[in-house]
2 protein chains.
Amino acid sequence: MNEVLYLSIVKKIKENILKGHYKPGDMLDSESALMKEFQASRMTIRKSLSLLSNEGYVYSVPGKGNFVCTPETDLFQFRFNKYDDLLVPIDEVKLLFVKVKEASAQLADKFSLTTSDKIIEVSRLLSSAGEPVALEFIYFKYIPNQPVVEDRLKFANHLERLERSLAFAIQKTLEVRALKADQSVSRRLGCPEGDVVFCLEEMVVNSESDSVISYTLFYVQPKNIEMRATTPKEENNAKRIF
Amino acid sequence: MNEVLYLSIVKKIKENILKGHYKPGDMLDSESALMKEFQASRMTIRKSLSLLSNEGYVYSVPGKGNFVCTPETDLFQFRFNKYDDLLVPIDEVKLLFVKVKEASAQLADKFSLTTSDKIIEVSRLLSSAGEPVALEFIYFKYIPNQPVVEDRLKFANHLERLERSLAFAIQKTLEVRALKADQSVSRRLGCPEGDVVFCLEEMVVNSESDSVISYTLFYVQPKNIEMRATTPKEENNAKRIF
DNA sequence: AAGTGGTCTAGACCACTCC
DNA sequence: GAGTGGTCTAGACCACTTC
């Protein structure tokens, strides 16, 4: 079969599950039984079970045995970056305004601030080949020694740099809304008032400190974005098993 | 620290990455160096690296070493089942019609059929407490010996049973569209014509045979659904590491 | 040739479950 | 007490990269 023993064991057990020889909840043979069955050492058997576990096929219960999982078919995933994953390439980002204002009740709540604290609001228009594609409003905490307001050139990548530096501690939430463009949005996007637009609400959180880094409202016409998600294929989940 | 050696090693290496001692692309100490550093056997070190790899922190290159990953911050995931994950509980599913018709060019293409092949179209209205919530159109291949059309009671769960039996071989794709309700949709959903509605297009595929099992159009008012996705937290990804 | 990670073995001791 | 999975060790041989 396979050159690598533990992969061939994975293959055989997976086939048994796919063919229905084992059903969700069924107990697999014990590890010592599998050792005899596949003429392999315990660690090799466990490596195979580890892979199957990572791919969502089996789980183990200490003292009892290894069991077949109930398959997860409702978990979707998609990749999205509001600057790279639109249907047209963004070649211009125009700064509309930068404001420092006191947090509204809604924003104060999101950022865990009081309404007297200051929030920076940045509005930008993203275009492609001269055509407006998306309108965004970014909100983040006012940080005294960071001259993002005074220096308009610096602010643009401020958040991106911040995200990069936090790297593994970043967690994002995205909510997709659909609404009719009001006058202010339709004028910027160059579409008739009342047209349907997506409004993406993105929240970026520092998962170490649980503090909100930024809150963004992103308006984009449906023709410029595709919201497609898929349940992951097993192969893509396999990372590294020792 | 931790009772379990390999977890305490994971913790320390993760801290080093989070604190920025290691940056994306940097090479970690070799496994033999880590053995000395943590007073552990090679397999234990490798178990730790395996966990870090599964959580997206490191990757390995045979013959070279282990390296810090570039963090993935654009991969979102969400759970969605059109019958369970709406904002109101569905307590009534009303069958509007079942038709057997020849596949349109569009459907024939999706199902890899010719336009003379037959497709079953099922339309249903989902309600909660007497209020219409969603309108769906399900399309699937006509299978001769499966009396789904003749027996209206049986068809309802036909696809669900089919999905359950295929279990691990199911793969789904979901596309989110936003549009204005036309007369036929607005009348069923009880909203004004021209109101914004989500249209979810779901495709269910047998990933073993790559054949399309069903294609569904699902219309729902924004007030009845929340489309929220998040980048996964590491902890949730940790499954089983031997 | 030396160093790296990849695979595999044959043990050991532990905590847990079941009877 | 017998069986189960969870952790850990100290080796071995391999393919690969680097010099």
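So you know, we letter chains A, B, ... as the sequences are listed, proteins then strands, and number each from 1. None of these values were measured; they are calculated from a predicted model.
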Checklist entry - Going by heavy atoms in the side chains, are B:S211 and B:K141 under 4.5 Å from each other? => result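 SC-SC contact between B:S211 and B:K141 confirmed.
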Checklist entry - What are the two closest heavy atoms between B:D85 and B:F80, and how far apart are they? => result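 Scanning both residues, the minimum pair turns out to be OD2-CA, 3.2 Å.
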Next on the checklist: Looking at every heavy atom in both B:P232 and A:Q171, which two are closest together, and how far apart are they?
Outcome noted: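 What the structure gives for the nearest pair is C-NE2, 4.4 Å.
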Considering just the side-chain nitrogens and oxygens of [X], establish if one lies under 4.0 Å of OP1 or OP2 belonging to [N].
X     : N     : answer
B:S60 : C:dT4 : no
A:Y6  : C:dC8 : no
B:S30 : C:dT4 : yes
A:T44 : C:dT7 : no

Checklist entry - Want to settle it: does B:M27 or A:Q39 sit nearer the 5' end of DNA chain C, counting the closest nucleotide to each? => result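 Nearer the 5' end of the strand: B:M27.
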Item to check | Contacts of type salt bridge (Lys or Arg N to Asp or Glu O under 4.0 Å), residue B:R228, not counting sequence neighbours | outcome: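 Checked B:R228 against salt bridge (Lys or Arg N to Asp or Glu O under 4.0 Å); matches are A:E175, B:E226.
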Item to check | Counterpart residues, salt bridge (Lys or Arg N to Asp or Glu O under 4.0 Å), relative to A:E37 (two or more places apart) | outcome: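 By the salt bridge (Lys or Arg N to Asp or Glu O under 4.0 Å) rule, A:E37 matches no residue at all.
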Heavy atoms from C-beta onward define the side chain here; which of [options] lies closest to that of [X]?
X     : options              : value
A:V4  : D:dT9, C:dT7, D:dG6  : C:dT7
A:R46 : C:dT7, D:dT7, C:dG6  : D:dT7
A:N66 : D:dA10, D:dG5, C:dG5 : D:dG5
A:S32 : C:dG6, D:dT9, D:dT4  : D:dT4

Using whole Å, what does the distance between atom [atom2] of nucleotide [N] and atom [atom1] of [X] come to?
X     : N      : atom1 : atom2 : result
B:I45 : D:dG11 : CD1   : P     : 16 Å
B:L49 : D:dC8  : CG    : P     : 14 Å
B:R42 : D:dT9  : CZ    : P     : 14 Å
A:M35 : C:dA10 : CE    : C1'   : 8 Å
A:E31 : D:dC8  : CD    : P     : 16 Å
A:K47 : C:dA10 : NZ    : P     : 14 Å
A:K64 : C:dA15 : NZ    : P     : 20 Å
A:L51 : C:dT7  : CG    : C1'   : 13 Å

